[in-house]
Each structure stands twice: as C-alpha cells, then as structure tokens.
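From a predicted model like this one, the values you see are computed outputs, not experimental measurements.
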Amino acid sequence: AYYPFKVAIFQCFTVAVQAFGKISLLGGLVTFAQEEQDATATLWLSVGYWAFFALLCWNSLYPALLLMFPDTASARIGAAFMDAALDLGYILTYLGMVLVAMVRLRTASELRGNFGEDLALQ
C-alpha cells in the first residue's frame, strides 16, 4: 500500500542529490571546454550535460505513473527496471563526460612536484 509513495519519495531524493551534486560540476566541464575553445570537447560535453539533465527530468516525472497505477504489478516491475536504467544512465553519462574532459582538456599551467611533508605544511 505504501510502495508507490516510498518510490516517489526516494526518486525525489535521488533527483535532488544528482542535481545538487553533479549538475554544477558537469556544467563547469562544459564551460571549461568552451573557454579552451575545444569544439569537439564542447560538443560531447554539451550532449552529455543535456542527456544527464533529460535523465533527471524523466526521473522526476515517471514516479507519477506509479502513483496513478499503484496496484498494477507491471507498474512496480517497470519502476524497478526504470530505476536501474536511470541509475546506469547517470553513471555512464557522468563517466563519459569525465573521460572526455580528461582526454581533451588541459590547463595552461600545471602543478608538479613534492608539496612537502605533513610537518612542513603546518
């Protein structure tokens, strides 16, 4: 009886965590690619950003279907598969964007070397 509400509440928390935790970081990668004027990285990172955003939007909407049909077994099974698919989508989109950024983007200056011992840093 409470399963649809539990799923809806957990999906709201998932969307909030993903949005607050990753959207600004992924947007920063896109901005960095634009500043570096790397057209390939900008294209791929922009596609990844909007794909991640679309996944968030869908994740915030589909629990309403479960609330509309709470006693339907196929809705519950569909919700489980949808949750797994969305989680996989979040992981792959994030991983793909980070890999593109690591390969394509470089800063003008790099920090190298030994940053000291713990006693010397205090």
Could you report the tightest heavy-atom contact between [X] and [Y], atom names first, then the distance?
X	Y	answer
Leu45	Ala101	CD2-N, 4.4 Å
Leu105	Ala41	CD2-CB, 4.0 Å
Thr93	Gly48	CG2-O, 3.2 Å
Thr42	Ser46	O-OG, 2.7 Å
Glu36	Arg106	OE1-O, 3.2 Å
Gln18	Leu56	CB-CD2, 3.5 Å

Distance in Å, [X] [atom1] paired with [Y] [atom2], rounded so as to fall on 0.5 Å steps:
X	Y	atom1	atom2	value
Ile9	Thr14	CD1	OG1	12.0 Å
Asp38	Phe32	CG	CZ	10.0 Å
Met102	Leu29	CE	CG	11.0 Å
Asp87	Ile91	CG	CD1	6.5 Å
Cys57	Trp50	SG	CH2	8.5 Å
Met97	Trp44	CE	CH2	12.0 Å

Going by the rule side chain to side chain donor-acceptor pair (under 3.5 Å), which residues pair with Asn59 if we only count those two or more places apart in sequence or in a different chain?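 Partners of Asn59 under the side chain to side chain donor-acceptor pair (under 3.5 Å) test: Gln11, Tyr90.
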
Same apolar cluster (I L V M F W Y, side chains within < 4.5 Å links), [X]/[Y]:
X	Y	answer
Met82	Leu92	no
Val100	Ile23	yes
Leu88	Trp58	no

Cation-pi, Tyr94 ring and Lys22 (6.0 angstrom, 45 degrees): yes

Please work out which of the three classes, parallel, tilted or perpendicular, describes the rings of Tyr49 and Phe53, given edges at 30° and 60°. parallel

